[in-house]
S.K.: 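Below is the structure I would like to discuss, written out as structure tokens.
In what follows, chains are A, B, ... by sequence order, proteins preceding strands, each numbered from 1. The analysis underlying the following values was restricted to heavy atoms, covering all of them including side chains, and did not include hydrogens, waters or symmetry mates.
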Number of protein chains: 2
Amino acid sequence: MAATRPTMKDVAAEAGVSTMTVSRVVNGDSAVAPRTAARVEAAVRKLGYQRDDVARQLRRTHQLSQIIGLLVDDVTDPFMAAVASAAEDVARQRGSIMLIGSSRADPRREREVIAAFTARRVDGLILTPAAGSHRFLRPAQAQGTKIVCVDRAAPGLDVDAVVVDNFGAVRAAVAQLVTHGHRRIGYLGDTPKIWTFGERRRGYLAALRAAGIAADPALVRDGVRTGPEAAAAVTGMLALPDPPTALLAGNELLAFGALTTAPGDLAFVAFDDFALAARLTPPVTVIAQDPVALATSAAHLLFARIHGDVSPPRTVVMPTRLIRRGSGELPGPFAA
Amino acid sequence: MAATRPTMKDVAAEAGVSTMTVSRVVNGDSAVAPRTAARVEAAVRKLGYQRDDVARQLRRTHQLSQIIGLLVDDVTDPFMAAVASAAEDVARQRGSIMLIGSSRADPRREREVIAAFTARRVDGLILTPAAGSHRFLRPAQAQGTKIVCVDRAAPGLDVDAVVVDNFGAVRAAVAQLVTHGHRRIGYLGDTPKIWTFGERRRGYLAALRAAGIAADPALVRDGVRTGPEAAAAVTGMLALPDPPTALLAGNELLAFGALTTAPGDLAFVAFDDFALAARLTPPVTVIAQDPVALATSAAHLLFARIHGDVSPPRTVVMPTRLIRRGSGELPGPFAA
DNA sequence: AGCCAAGCTGTTAACGATACCAACCAGAAG
DNA sequence: CTTCTGGTTGGTATCGTTAACAGCTTGGCT
């Protein structure tokens, strides 16, 4: 049952050659006489030999491990799933495999997962940083692990990042709600300690300020993490004496939660596009970003670093698009 | 820049002890005098030492690698994302990290990814098998890699599997459509070579047969893989001289595609529940399964195998639930 | 005092692969 | 006939860690 896997030594014995020759054949590096190679290949097939990449990596300590690590909040978030998928595609093209870990927005878990990854000598990490400082990555970075952030910047860490202009996108979307006659506009987001939510919140406040509207703390909800929490927050806002006439949901999950209770006449804009947005009544206006493009770009950047790019870290900003489907264009009480 | 990572030897020199002592401290195994341990720990911190799990694994060849591999079709499928998330949670509880790979339903890619994983000596694999035989896994299995299938069985491979009764669930759902007066019922699915779609298709045909309805090939569409393809298939069916009055979509993705064009009076049932199903008009009736429960069960089964469970392979069947929200209960032309 | 046990630490040899260098062989050239 | 060249092959050391065992203290017991 617990058959032990054959090693190069076994193959060498079977083929009557040295392990060096087996190594050469298995890796197709350097010249081996065709007849010898054929004998080795036959032995490989006969024994079911597969190269042990663990031993290989140990010997080639200063070479690449051909493993990258991806750390996301939560893969069940469709945005993160798209990131994971795109990152793995690039990794595969580059001959690497990918470890995946979820932080669940918990900085401690994030650190532990990253430590487990670096202990395996990953060549690089793609991160969607959780809240909190990421200085703890400096030693790993100093030892040569390349790091690229995607979706979010990592304050306190000097690395590449591929993001969108969250601030500008939300500001523009909220400004549009104001244009359509809304002055009581609600905001739902997770903690502003997460970079994206901080930016989105800033954009919301900036748009209000630009319109001369005082922000009402009762309409600004931070730290909302789940669909049901979002639904409850919306219900709470609507029960206010002076309820909002428009709402901005900070991501897809919160949008789904809000949509379970939001009435159809509440103007609504969601950050992130989603599959059935056009099928709802009214169709949902969204701020769309392209997670595949973000992740592909981040992964290419990572592999460039892995292969020796030492230029100063840069932040790539990808575009967003406000897709007007109706819910964000519902007129408010101050409509012209 | 390319600072090399410190090894136990470096730590040993710094602390004035042998590498064995460092090893003992780092792993907390056996007794080391508190003062010595403190010195070693200080050296570890000073140098930023981290144990090299690659070397460790090589030395401990007959121990576990504490890595598992997950192979899915595509993580952007929310069902698979939930599977991945749940599997990683269990892995983490068990002190393992997880490699992830996508087959994109391509058997060759599936093989390559699996080979890359086994070369890293994963302790086990969780698979959603693509189409085609999986005999190629036998050598890996013989060498001790544990394998568990989730969502789909793997014909030709004697392993554990955690699935739902796809056949029975679809048969019941289609029978219900018949009860509501439908006789022209369309079916959308990917290739029946993928186990789940084969089962779902069989269930559909069995329900028709039981109702004495002849299956019309024009209403049975296999090999539909994308949303747009599903939409086109629906458009095509509706243009028939004798169009369907009801439709069953074989998974979430196909349901989304179909819903972009299906008129509101077409009775509709989707395999897999989804976030906004209740918000559509009419609300969508679905056959729900619990991907988290499936994956959690599969992962527990895998770790049981990894830790020595040698009982015969078993297939765990988890329940499905027909959630009647309206679209599946629309009356057909033969309603009583 | 003498001896043993317990606790602590070090030495050596692997794990499976590859880098580096040396050795071998045939045939060509001098 | 000798020397050289180029293509092939093998030997040895090593990557960073730990298993197995050996050796050294120290203190307790008779």
Side-chain angles (χ1 to χ4, degrees), chain A residues 2-41 43-44 47-66 116 118-122 143-144, chain B residues 2-41 43-44 47-66 116 118-122 143-144:
Chain A
T4 167
R5 58 191 276 163
T7 69
M8 277 196 176
K9 217 159 131 187
D10 302 321
V11 175
E14 176 72 29
V17 296
S18 74
T19 58
M20 262 322 294
T21 299
V22 177
S23 173
R24 284 190 268 253
V25 172
V26 167
N27 295 298
D29 306 335
S30 84
V32 173
R35 295 191 37 185
T36 316
R39 238 175 38 247
V40 172
E41 274 153 16
V44 165
L47 301 180
Y49 171 77
Q50 184 185 22
R51 184 180 66 199
D52 185 330
D53 282 359
V54 174
R56 180 169 210 248
Q57 187 186 340
L58 175 62
R59 184 58 182 85
R60 315 193 335 158
T61 289
H62 297 290
Q63 309 280 92
L64 297 176
S65 64
Q66 313 221 93
T118 57
R120 290 288 172 173
R121 295 207 205 146
V122 292
Q143 284 163 23
Chain B
T4 166
R5 58 190 280 164
T7 70
M8 277 194 174
K9 217 161 131 185
D10 302 321
V11 175
E14 176 72 28
V17 297
S18 72
T19 58
M20 249 340 279
T21 300
V22 176
S23 173
R24 284 190 267 251
V25 171
V26 167
N27 296 299
D29 303 337
S30 83
V32 173
R35 296 191 38 184
T36 315
R39 241 180 29 252
V40 171
E41 275 154 14
V44 165
L47 301 180
Y49 170 77
Q50 184 185 21
R51 184 180 66 198
D52 185 329
D53 281 358
V54 174
R56 179 169 210 249
Q57 187 185 339
L58 176 61
R59 184 59 181 86
R60 313 193 336 157
T61 288
H62 298 292
Q63 309 282 93
L64 297 177
S65 64
Q66 313 222 92
T118 56
R120 290 289 172 171
R121 294 204 205 149
V122 292
Q143 283 162 25

S.K.: Using whole Å, report how far CE of A:M8 lies from P of C:dG16.
M.R.: 12 Å
S.K.: In whole Å, I'd like the distance from the CG atom of B:N27 to the P atom of D:dG16.
M.R.: 17 Å
S.K.: Please report the distance, rounded to the nearest Å, between CG in B:L47 and C1' in D:dG16.
M.R.: 15 Å
S.K.: Going 5' to 3' through nucleotides 5-10 of chain D, assign each nucleotide B (protein heavy atom under 4.0 Å from a base atom), S (under 4.0 Å only from sugar-phosphate atoms) or - (no protein heavy atom that close).
M.R.: ---SBB
S.K.: Can you check the B:K9 NZ to C:dT11 C1' distance for me, whole Å?
M.R.: 14 Å
S.K.: If I take atom CD in residue A:Q57 and atom C1' in nucleotide D:dT17, what distance separates them, rounded to the nearest angstrom?
M.R.: 14 Å
S.K.: Taking all heavy atoms of A:V32 and all of A:R24, pick out the closest pair and write down the distance.
M.R.: CG2-CB, 3.7 Å
S.K.: Can you work out whether A:Q63 or B:L58 has the more 5'-proximal nearest nucleotide on DNA chain C?
M.R.: B:L58
S.K.: In whole Å, what is the span from the CD atom of A:Q66 to the C1' atom of C:dA17?
M.R.: 15 Å
S.K.: Give the rounded distance in Å between these two atoms: CZ of A:R59 and P of C:dC20.
M.R.: 8 Å
S.K.: Compare every heavy atom of A:T7 with every heavy atom of A:Y49, then report the nearest pair and how far apart it is.
M.R.: CE1-C, 3.5 Å
S.K.: Is the shortest side-chain N/O distance from A:R56 to OP1 or OP2 of C:dT18 below 4.0 Å?
M.R.: yes
S.K.: Between the side chains of B:R120 and A:Q57, is a donor N or O closer than 3.5 angstrom to an acceptor N or O?
M.R.: yes
S.K.: With respect to the side chain of B:R60, which nucleotide from C:dC15, D:dA19, C:dT18 is positioned closest?
M.R.: D:dA19
S.K.: Applying a 4.0 Å non-hydrogen cut-off, can you work out what A:R121 is touching in the nucleic acid: base, sugar-phosphate, or nothing?
M.R.: sugar-phosphate
S.K.: Is there a donor-acceptor contact under 3.5 Å from the side chain of B:Q143 to the main chain of A:G48?
M.R.: yes
S.K.: Can you name the closest pair of heavy atoms from B:V40 and B:V22 and give their distance?
M.R.: CG1-CA, 4.1 Å
S.K.: With a 4.0 Å limit, can you tell me whether B:S23 has a side-chain N or O closer than that to the phosphate oxygens OP1/OP2 of D:dT18?
M.R.: yes
S.K.: If you take all heavy atoms of B:T36 and B:V17, which pair is closest and at what distance?
M.R.: CG2-CG1, 3.8 Å
S.K.: Between B:H62 (NE2) and C:dA14 (C1'), how many Å, whole number?
M.R.: 11 Å
S.K.: Atom CZ of B:R5 and atom CZ of B:R51: how far apart are they, to the nearest 0.5 Å?
M.R.: 10.5 Å
